Amino acid sequence: MAGSRKTEMTDRDVLIIGGGPSGVAAGLELRRQGVTRVTLLDREPTLGGATRHCLHSPFGMREFGRVYIGAAYGRRLDREAAAAGLDVRTGHSVVSLGEEGVVTVTSARGVETLSARRVLVTTGAREMPRAARLLPGDRPVGILTTGALQAFVAFHGLMPFRRPLIVGSELVTQSAVLTCLTHGARPVAVVEAGPQALVRAPLGLFPGLMGIPFWRNTHITDIRGGSRVEAVTLLRDGQPVTVACDGVLLTGSFTPESALLLPTAQGVDPGTGGPAVDQSGRGRNPLYFAAGNVLRAVETGGWAFREGRAVGAALAADLRAGDPVAGPVIPVTHDDPVKLVMPSLLRRDSGMAAFRDFQVRFRHPASGVLSLEVDGREVWRRSGHWMPERRVLIPIPGVALMAERVHVRFR
Amino acid sequence: MSSPADMTSPAPASLPPGPVFDVAVIGGGVVGCAVARRFALAGAQVVLLEKGADILSGASKANSAILHTGFDAPPGSLELDLVKAGREEYLSIRDSLNLPLVHTTALVCAWTDAEAAALEGIAAQGQQNGIGGLALLTAAQARGRVPGLAGHLAAALAVEGEHVIDPWSAPLAYLTQAVALGAQVLTRCELLSGQFAGDWALLTSRGQIRARTVINCAGLFGDVVDQRLGCVPDFEIRPRKGQFVVLDKAAARHVPAILLPVPNEITKGIVVCPTAFGNVLVGPTAEEQDDRLRATVETETLRALLDHAARIVPDLKGIPVTAVYAGLRPASDKKPYRVYSRPQHRLITLGGIRSTGLSAALGLARHALDLYAAFGDVHVPPASVPAVSVPNLAETRERDWQRPDHGSIVCHCELVTRREIVAALNSPLPPGDFGGLRRRTRAAMGRCQGFYCTAALAELTAGRFATPLAVGPQGER
């Protein structure tokens, strides 16, 4: 142990954790702004993050002016990172984050600690697994998420089931259906607990168009299977239905991959599940920044890329300013049907902003008036029917930066 | 369901006519593993039959991983003696087997005045049971040890000796030692019937096995195995289901000790305790059922467990769930262990180990050997005992990811290395199914529950499991 632990002390400016779209974009932007010593860590063998196993979603249109599918986008990120002079270290898993910007890492070489003036967390998001959803029943082989299925297909040429039941109706659900159909599996049905698909029509019609039943108001009440999934019992419009299947494919319900932050003093924001950041993407601990899907779970790769670039620019400005920002934070709170507001902090002395808008999402469908209050005074309002998993943007007014408190109200 | 041959491990081979074993152990749970080790150490030729695809497939896969002192065991009971003996032996052998011991303390937490009044009786019982390190604490003193305990705590009883161990590596180590001493382990081998005529002819799903003595460690099927052997069982198994929730490692700092409720007649109650792997465990429930195979989790019950945890340690509210599981405890129609010997049939039954089996297993094994002495067989213990150790999975000790040249990390949540996976697959007791690999390595046991690593594991384990992770190559049906 003593022989394997190394502390590498350099004058590193920024350590980026996670080489998906947001992490690479931030690194490119930092380099473009003249920040010299930037290290990018990724635990996988190549860059790209979740885009590596996405076989269907096109990436890169807005950032690179052409379309890439799956691993090709990651290879483009690899090339861009190398050309920009980023110190890229793949195969490096971060184990813990220290309060002073010292990060513990394991790789094939063993354990080492890396330090930097600032740490940028771009660890992305993942779908919530069966356990965290508290799904009932047996726990056999064959229950997995879209991401895991795509890894079976993209990296190993394998299939975990032939007749899965698919749960969810988000954007990723279509990718799940398509992955099945093009790789030798025929979903028995797609089920959604709510009264309608979470993606917009006509995408919500997609499973039906492919000849797969789409059942709304349907949730799992039992999963059966001794060793592999054999059947699932559903409550469909209040009636129990049992369907034979050999797998359960859980889609969506993305959650930030913020495990590294949970044990730190700054923790995670209860709404977003990711680190609380200010308008520059800076955490409660001002040595830490974050960008991309770790902030609030899933947006597209392109969105994450742009967010990474914006936070990269804000971070470069922060480094130019010298000492970490030490001023007080202005909390941004919200009423209950609102699931999250990001950023959930503001700082008066934040410097360059990365976010012009509050990103808001709802927990469940709701009708009413959404408004922004700055020190109790309404500065923005809109009424409507609000759906979960849909992004709502509220401009961050300049006056909010002078405030004591900012609140997103719902009536 | 058909599975391509290249994905599945072959069906277990039928057994060629073999030797007459000294001892056949029925059941590869924690008790069977400990018994196999004890008899192998005594010099007996041992065969262990497990009907599952891997050891620990029944009751032993789901427990609260506490090494009990016996402070609350019925005074004068066999259970108390065996828990104490088992614990003592665990403490003496754990270093050589590389098994962890997390020095937690248990706090029996009283949440009402009535419960607080009961603590003195529990302490007196503990003293009567010969357990040291008991201390009655005020609520303030208890909070000195576990600051996060909820405000309505009335009082607590500290039991210093209650520790947490790795509930799967321990039996694996016992059986690995037995194998090193020549024991044979047969998985996917169900006992169907037996004929006794001086020695036993056992008919199994893999053919006939002969043994001089049978030791029934069949857990949830203890009574059934007695019946299949032509003996009227002295007890009836009444499965008791326990559901558990495992909280994210972020919870661990809030729960530095085992938090026990004041027990009632039926169950020790719902425990909130640290695990050797750095999580926090909440459970088990105690639900009587007839089914001996299915142990389902139920959403409402899991939610109630989460609520319970947050009620006694409010900081646990909102901490993500890492895993959920349920297990069946082999309770019987009476509370005591159902342990008896039939010398005329050379059959020893270790039944009704409804709880505390992990703590008592080594004691039960010694007890079985004592009962066996009456059968008159004499064995010569091996001149030397081969050194055996199992990989450490506990966070309190060095893990493989902390050492150089581990290859790469396969499971990022639990930091399981490729080298660990390969070592488990090539070990003397390789996993027979995915659960077995998870228990041996922690792979896919973390917060993402295999989101990232399942596919890689499917490839690494192709051809190894009775139920493979992949049903076949993509694009073929």
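In what follows, chains carry the letters A, B, and so on, assigned in the order in which the sequence lines appear, proteins first and then strands, with residues in each chain numbered from 1. Small disclaimer: the values here were computed from a predicted structure and weren't measured.
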Q: Please look at A:Glu257 and chain B and tell me whether the side chain, the backbone, both or neither of the residue comes under 4.5 angstrom of a heavy atom of that chain.
A: side chain
Q: Got a donor-acceptor contact below 3.5 angstrom from the A:Thr251 side chain to the A:Val167 backbone?
A: yes
Q: Strictly distance-based, threshold 3.5 Å: is any side-chain N or O of B:Arg442 a donor or acceptor partner for the main-chain N or O of B:Leu437?
A: no
Q: Within residues 302-310 of chain B, which residues come under 4.5 Å of chain A, heavy atom to heavy atom?
A: B:Leu302, B:Arg303, B:Leu306
Q: So, for A:Glu112 and A:Ser107, which heavy atoms are closest and what is the spacing to 0.1 Å?
A: OE2-OG, 4.0 Å
Q: Please state whether the side chain, the backbone, both or neither of A:Ile223 comes within less than 4.5 Å of a heavy atom of chain B.
A: backbone
Q: Below 4.5 Å, heavy-atom pairs only: which of B:Arg294, B:Gln449, B:Glu298 has the largest tally toward chain A?
A: B:Arg294
Q: Can you tell which part of A:Arg139 gets under 4.5 Å to a heavy atom of chain B, answering side chain, backbone, both or neither?
A: side chain
Q: If I take atom CG from residue A:Leu249 and atom OG1 from residue A:Thr173, how far apart are they, to the nearest 0.5 angstrom?
A: 8.5 Å
Q: Of A:Val243, A:Asp246, A:Ile143, which is the lone residue that meets side chain to side chain contact (heavy atoms under 4.5 Å, CB included) with A:Leu165?
A: A:Val243
Q: Does the pair B:Asp54/B:Arg439 count as a salt bridge with the N-to-O cut at 4.0 Å?
A: yes
Q: I'd like to verify something: which residue of B:Cys453, B:Ala455, B:Gly450, B:Ala323 has the highest number of heavy-atom pairs under 4.5 Å with chain A?
A: B:Ala455
Q: To check you understand the geometry: which heavy-atom pair defines the closest contact between A:Thr264 and A:Leu260, and what is its length?
A: CG2-O, 3.5 Å
Q: Hey, are the side chains of A:Glu44 and A:His92 touching, using non-hydrogen atoms and a 4.5 Å cut-off?
A: no
Q: Is the shortest side-chain heavy-atom distance between B:Ile270 and B:Val282 below 4.5 Å?
A: yes
Q: Do the side chains of B:Asn279 and B:Leu247 get nearer than 4.5 Å, heavy atoms only?
A: no
Q: What residue, out of A:Leu144, A:Leu250, A:Val95, has the most heavy-atom pairs lying under 4.5 Å from chain B?
A: A:Val95
Q: Roughly how far, to the nearest 0.5 Å, is CZ of B:Phe465 from CZ of B:Phe434?
A: 7.0 Å
Q: May I ask you to test the B:Arg403-B:Arg419 pair for a side-chain heavy-atom distance under 4.5 Å?
A: yes
Q: Which one of B:Ala326, B:Gly435, B:Ala252 has the most heavy-atom pairs closer than 4.5 Å to chain A?
A: B:Ala326
Q: Chain A: which of B:Thr322, B:Leu415, B:Thr299 shares the most heavy-atom pairs with it under 4.5 Å?
A: B:Thr299
Q: CG/A:Asp269 to CZ/A:Arg284 distance, rounded to the nearest 0.5 angstrom?
A: 7.5 Å
Q: Side chain, backbone, both or neither: which part of B:Ala53 has an atom under 4.5 Å from a heavy atom of chain A?
A: neither
Q: Which residues, numbered in order, of residues 405-414 of chain B come under 4.5 angstrom of chain A by heavy-atom distance?
A: B:Asp405, B:His406, B:Gly407, B:Ile409, B:His412
Q: Out of B:Lys249, B:Arg253, B:Arg418, return the one with the most heavy atom pairs under 4.5 angstrom to chain A.
A: B:Arg253
Q: Apply side-chain hydrogen bond (donor to acceptor under 3.5 Å, both in side chains) to the pair A:Ser93 and A:Thr106, showing each step before the final yes or no.
A: CA-CA 5 Å; A:Ser93 288; A:Thr106 181; over 6 Å; no
Q: Below 4.5 Å, heavy-atom pairs only: which of A:Ala259, A:Pro270, A:Ala108 has the largest tally toward chain B?
A: A:Ala108
Q: Below 4.5 Å, heavy-atom pairs only: which of A:Pro129, A:Gly137, A:Ala132 has the largest tally toward chain B?
A: A:Gly137
Q: Could you measure the distance from the CZ atom of A:Arg133 to the OG atom of A:Ser253? Nearest 0.5 Å is fine.
A: 4.0 Å
Q: With only heavy atoms counted, which part of A:Ser227 is less than 4.5 Å from chain B, the side chain, the backbone, both or neither?
A: both
Q: Just by distance, no angles: are the side chains of B:Thr417 and B:Asp400 close enough, under 3.5 Å, to form a donor-acceptor pair?
A: yes
Q: Using a 4.5 angstrom heavy-atom cutoff, name the option from B:Thr301, B:Val245, B:Val321 with the most pairs to chain A.
A: B:Val321
Q: Would you say the side chain of B:Asn392 lies within less than 4.5 Å of the side chain of B:Arg399, judging by non-hydrogen atoms?
A: yes
Q: At a 4.5 Å cut-off on heavy atoms, which part of A:Arg224 comes close to chain B: side chain, backbone, both, or neither?
A: both
